[in-house]
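Only one structure is covered here, and it is reproduced in the block below.
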Amino acid sequence: MIDLRSDTVTKPSDEMRAAMMSADVGDDVYGDDPNANSLEERVAGLFGFEAGLFTPTGSLANQLAIRQLVKPGDELLTETFSHIVRAELGAGAVFSGITTRTWESPRGLLSATDPLHIARPNSGPYQVSTAAIAIENTHNFGGGTVQSIDEIRKLREESLKLGISLHLDGARIWNAHVASGVSFLEYGSYFDTISVCFSKGLGAPVGSVMLSNKERNVSARQWRKRYGAGMRQIGMLAAAAHFALDNNIERLSIDHAHAQSLARAVHAVADHVINPQEVETNIVILNLSGLLTDANDLSAALKAAGILSSPVGPKILRLVTHLNISDEDISKVNSVLPDLIESALEA
Ligand SMILES: *Cc1c(COP(=O)(O)O)cnc(C)c1O
């Protein structure tokens, strides 16, 4: 099967497994795990932060971060289709009493004026006060879109004036960096907290890091334990993340080229289904509106040809490229998918 459902399906390579096998370990709840400690320091240094905290998932890294920035009853603003509000099952409300309001933007692309327009800090005793804004880069459901650094900079300048904190959901910040050339240090300079994932395109089996200042890190470490995610000999997981940082960042450009190739092949037969110029990283979103098929049927037809995809809406099919997808796999998909789409065009 050629699995294009997500970049979370990546499996650790033999070399990554070897690095995990030989990792030094210690009890991380005692602060004794050498690889967890060095990974936290390394990622913090990469983005110019004081401290990092290893977490099993990106969702937990997001949740630990936003609860540092938003008091119970205050609000977090985020884009309507962001992971924090669409895919974390209300965790901010359930665990931290955080209320949210959202703005919607085409393809998830940030325009700084959108959150600034609805932001209401210091709203007094009768209305909800905005404490933080979260943005996602790349934007997953937006189609792997890369946020404009000018809009991020503008949002930082204006939100600082309002006393509003900024969180970056950087699950795929690696892809954004490779596509935009913007350095990790520059990305880091605009945010109070950041979450990053090693378990997506970087190919590690598990793991994320939450970045913040030292004080927030101490508090987040307590909350991580309270949530039941104080882990012990996690050096093997941290070693996989180290391996991913050493070996799997620059190669993301291959995944981006593969996504581009898929988009062009589909565009050649049906130009309204996908615009290749909007495919900036490793996520391809096909819009099947007006076609005589829907996402479930097309996904089933692809599956019959040995290709897995994700229907993410009635007429929206998502394909994600990653390090277990080869040039040959892409050729195979390009020999099947455009034909299926062409046969679903209205006569
Ligand atoms: C995958 C992802 C996360 C974290 O997901 P987990 O499955 O909890 O690791 C967070 N944000 C975005 C945008 C993601 O795509």
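The basis for the numbers below is simple: all heavy atoms, side chains too, and nothing from hydrogens, waters or symmetry mates. Just follow the structure's listing: the first ligand is 1, and inside any ligand the first atom is 1.
In this structure, R172 has a heavy atom closer than 4.0 Å to ligand 1.
Atoms of ligand 1 lying under 4.0 Å from at least one heavy atom of E136, given by number and element, are 13 (C). Atoms of ligand 1 found under 4.0 Å from any heavy atom of T57, numbered from 1 in the order shown, are 8 (O), 9 (O). Counting the atoms of ligand 1 from 1 in the order shown, those under 4.0 Å from a heavy atom of K200 are 1 (C), 2 (C), 3 (C), 4 (C), 5 (O), 14 (C), 15 (O).
If you look at N62 next to ligand 1, the close heavy atoms, those under 4.0 Å, all belong to the side chain. Of all the heavy atoms of S59, the ones lying under 4.0 Å from any atom of ligand 1 are found in both the backbone and the side chain. With a 4.0 Å heavy-atom cut-off, ligand 1 is reached by the side chain of N140 but not by its N, CA, C or O.
With sequence neighbours excluded, no residue forms a ring-ring contact (aromatic ring centres under 6.0 Å, His included) with H242. Partners of F184 under the ring-ring contact (aromatic ring centres under 6.0 Å, His included) rule, at least two apart in sequence or in another chain, are F47, W174, H177.
H167 approaches F191 most closely through the heavy-atom pair C-CD2, 3.7 Å. Taking all atoms of both residues into account, the shortest heavy-atom contact from A36 to D28 is CB-OD1, 3.6 Å.
Each of L64 and L237 belongs to its own hydrophobic cluster when Ile, Leu, Val, Met, Phe, Trp and Tyr are linked at side-chain heavy-atom distances under 4.5 angstrom.
The structure places OG1 of T193 at 9.5 Å from CG of N213, a figure rounded to the nearest 0.5 Å.
Between the H322 side chain and the D3 main chain, a donor and an acceptor come within less than 3.5 Å of each other.
Considering backbone and side-chain atoms together, D169 places an N or O closer than 3.5 Å to an N or O of ligand 1.
Inside a 4.0 Å radius of atom 7 (O) of ligand 1 there is not any protein heavy atom.
Considering only non-hydrogen atoms, atom 9 (O) of ligand 1 lies nearest to G58 out of C197, G144, G170, G58.
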